[in-house]
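Keep in mind that what you see is a predicted model, and the values were worked out from it rather than measured. In what follows, chains are A, B, ... by sequence order, proteins preceding strands, each numbered from 1.
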Amino acid sequence: MSGGGCNIVWFRRDLRVEDNPALAAGVRSGSVVAVFIWAPEEEGLYYPGRVSRWWLKHSLAHLDSSLKSLGTSLITKRSTDTVSALLEVVKSTGATQIFFNQLYDPVSLVRDHKAKDILTAQGIAVHSFNADLLYEPWEVNDDHSHPFTTFAAFWERCLSMPYDPDSPLLPPKRIISGDVSRCASDTLVFEDESERGSNALLARAWSPGWSNADKALTTFINGPLLEYSKNCRKADSATTSFLSPHLHFGEVSVRKVFHLVRIKQVLWANEGNQAGEESVNLFLKSIGLREYSRYMSFNHPCSHERPLLGHLKFFPWVVDEGYFKAWRQGRTGYPLVDAGMRELWATGWLHDRIRVVVSSFFVKVLQLPWRWGMKYFWDTLLDADLESDALGWQYISGTLPDGREIDRIDNPQFEGYKFDPHGEYVRRWLPELARLPTEWIHHPWNAPESVLQAAGIELGSNYPRPIVEIDAAKARLDEALSEMWQQEAASRAALENGTDEGLGDSESMPIAFPTDIQMDVDHEPARNNPTLGRRYEDQMVPSMTSSFLRVEEEETSLDLRNSATDSRAEVPTNVNVNQEPRREAIQEGNMQTVRSNVTLPQFNMTIGLRNAEDSTAESSSTSTRRERDGGVVPVWSPSTSSYSEQFVVEDNGIATSSSYLQRQPQSHQIMNWRRLSQTG
DNA sequence: TCGGGTTTCGG
DNA sequence: CGAAACCCG
């Protein structure tokens, strides 16, 4: 069935040989050329950060050696244009088919669609698979076939789907290598000289690569999982799964994680092990959040740049690079926050709880633009993951229907005693506070002078006073919020009067990313960088310095209100006609090959859908229908896009969009929150 | 020890 | 907002 030609298996963030549907299908279909293409420029602003690239480098090496032991090797290509690199590989190998696993971040959705179009036009058969999720985003809908807008409902549905996620596949026993004699690998460079020193430490704590991921999973399931719910509240507990970087690069399949954990759950349930069951549920919830982040990214592909609840575009952010810098350096004067930021910088890792603490502090106390924080996480986290990053920050910023309330300020002092009751975490990361008694460890500003003296602390000198008092922050936040609501109401009124030209213009002034973000080297803790010097700014915050990118903050928020009244607004549409083609992907269930097609919300993905209910047809008036394998599904045709007006999001801002957005074609999405009007 | 009012917290 | 935890008489 291979038709003589060989099969390209295009690896991306699925760097494993086990439970890799694209690889399995490629192998089944004949000889295989395994390819990885490094084209980070395509990610634009989200060029991977230093530690993330470090991981990738090692993960690829690991994959390559696994492939070698199976009979082939990994071809690597350096390019600025993935699609042409693929074409080149096609030409030099005589491939006739290409297999890959789906991704859901905005950049990949666009790029993969384009790749599919172009390759198909060249006569190449393109097959893509789900390898990253329990269920594809379009499979999980509410009773009216609309996407969920809250996590709890989404996850509940996932757990009660009528069919289980596909079972994990075993690795291939053997791979017949395609002819790569005319297809040379490029050497990929993932770190420059200046980064090597900082990266050296990482290897002590982490082992990238799919079989290490597998070990980590086993270790976790047999050990810390049982105590997971107990320990998840401790800032420095070593009992998290530590799977997130593995999962990000697809070194371990989430379906395998799910299956193994489920087995454990059944076991514990039978034993009446209450704590165990609870732990499993909690852990699965974090898997669920990961799923949900893809779900949201797919349904709202701009969620990494625009708040999903529209009012936030009127929030008067404090654009203060000094605050931003203090936060990054861990010099805010709040020990828990500072400890977290220093751990992040030193290790590329942060406990989930602490991520919430520092990001909440960032948004609520400092009131810095949330996208700065998101970007910083992206640049510094070992498990940097755009979808999760966006979801997390939107959650914190109060722009999700089920997110944290925007007017709630968390007090780092109290959280300190909650997550780090004995101050051990703070002492580890803030050596200057190490001698401070626990009583004061989370609020040194209240400590008597004598205590401070005995501990060798001089506030404002070797440890800062609080950068902003909590009370002041509360007041400022209240003020900002009332201003926001005012602006929002005004804009709405203007809209209703039809006098809305230029609406939101003043409020949605672009907020540029700081131009010269750099860490103050001498304040960096635990960096162990022998070559520390000023020319290494970009090692510290790799992608921010690469070029000056202006990014609009909140420029085109989605006003959910507009669509709230119409239930059909549930089905988002892609209005971004002139920017990039709609995405399309083919999901080929390996066996059942339900090649039915359904309209995928924004992206017009052509996908397999098991239960195409005809309510999905309402997805757009441009649906046509086609029958396949018994499934009736709508097919959305991009050329005939005529949308109901009410689906189209207000477009102010996009047109005048920053260079970033222009460089990075995004579709923009239509909202479908049901609950949004509650906020008005 | 048991209400029941209050605070916390949640994705 | 609603459930759960918490606190107090």
Side-chain angles (χ1 to χ4, degrees), chain A residues 104 133-135 137 140 142 147-160 228-230 232-235 240-241 244 247 254 274-275 277-300 303-304 307-309 311-312 336 350-364 370 373-374 377 381 383 385-419 421 442 470 474 477 481 560 564 672-680:
Chain A
Y104 310 88
L133 296 173
L134 300 176
Y135 299 102
V140 186
D142 68 15
F148 289 99
T149 57
T150 55
F151 171 72
F154 164 82
W155 188 230
E156 194 186 333
R157 173 58 55 95
C158 286
L159 292 175
S160 62
Y228 188 78
S229 77
K230 284 262 169 341
C232 74
R233 318 202 97 225
K234 298 289 293 306
T240 60
S241 72
S244 56
L247 281 167
V254 78
Q274 201 72 30
E277 262 196 281
E278 196 184 323
S279 284
V280 167
N281 286 333
L282 205 62
F283 176 69
L284 286 181
K285 191 167 96 173
S286 68
I287 296 293
L289 285 167
R290 179 182 174 281
E291 296 270 310
Y292 193 57
S293 73
R294 269 72 179 153
Y295 189 77
M296 294 301 275
S297 175
F298 179 81
N299 285 310
H300 310 288
S303 62
H304 62 307
L308 290 174
L309 290 176
H311 56 250
L312 206 75
L336 186 64
L350 209 49
H351 190 289
D352 181 58
R353 287 279 129 196
I354 306 302
R355 297 183 194 201
V356 171
V357 169
V358 300
S359 56
S360 167
F361 184 84
F362 184 94
V363 171
K364 304 292 180 67
W370 63 278
M374 185 184 113
F377 271 20
L381 279 169
D383 58 14
D385 182 285
L386 197 52
E387 296 95 311
S388 299
D389 202 7
L391 183 69
W393 282 87
Q394 296 240 13
Y395 164 67
I396 290 302
S397 307
T399 58
L400 296 174
D402 53 351
R404 193 167 281 214
E405 271 136 17
I406 192 163
D407 55 353
R408 188 157 100 204
I409 286 194
D410 299 302
N411 190 322
Q413 176 185 338
F414 302 150
E415 302 201 296
Y417 287 107
K418 205 163 15 167
F419 300 133
H442 291 299
I470 292 297
K474 275 194 178 116
L477 184 61
L481 286 173
L560 309 181
N672 58 347
W673 304 113
R674 249 176 285 121
R675 292 175 45 196
L676 56 134
S677 10
Q678 82 190 17
T679 48

Main chain of [Y], side chain of [X]: is a donor-acceptor contact present, judged purely on distance under 3.5 Å?
{"X": "A/S360", "Y": "A/I396", "value": "no"}
{"X": "A/E278", "Y": "A/S229", "value": "no"}
{"X": "A/E291", "Y": "A/L134", "value": "yes"}

- Nucleotide range of DNA chain B lying under 4.0 Å from chain A heavy atoms: B/dC9 to B/dG11

- Task: Nearest whole angstrom, please: distance from the P of C/dG2 to the CG of A/D402.
- Result: 15 Å

- Query: Between atom CG in A/L282 and atom P in C/dA4, what is the gap in whole Å?
  - Reply: 15 Å

- Is A/R294 salt-bridged to A/D385, cutoff N-O under 4.0 Å?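 Looking at A/D385 together with A/R294, the answer is yes, because their closest N to O distance falls below 4.0 Å.
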
- Query: Salt bridge between A/D410 and A/K418, side-chain N to carboxylate O under 4.0 Å?
  - Reply: no

- Query: NA contact type, A/G288, heavy-atom cut-off 4.0 Å: base, sugar-phosphate, or nothing?
  - Reply: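 Answer is nothing: A/G288 stays at 4.0 Å or more from every strand.
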
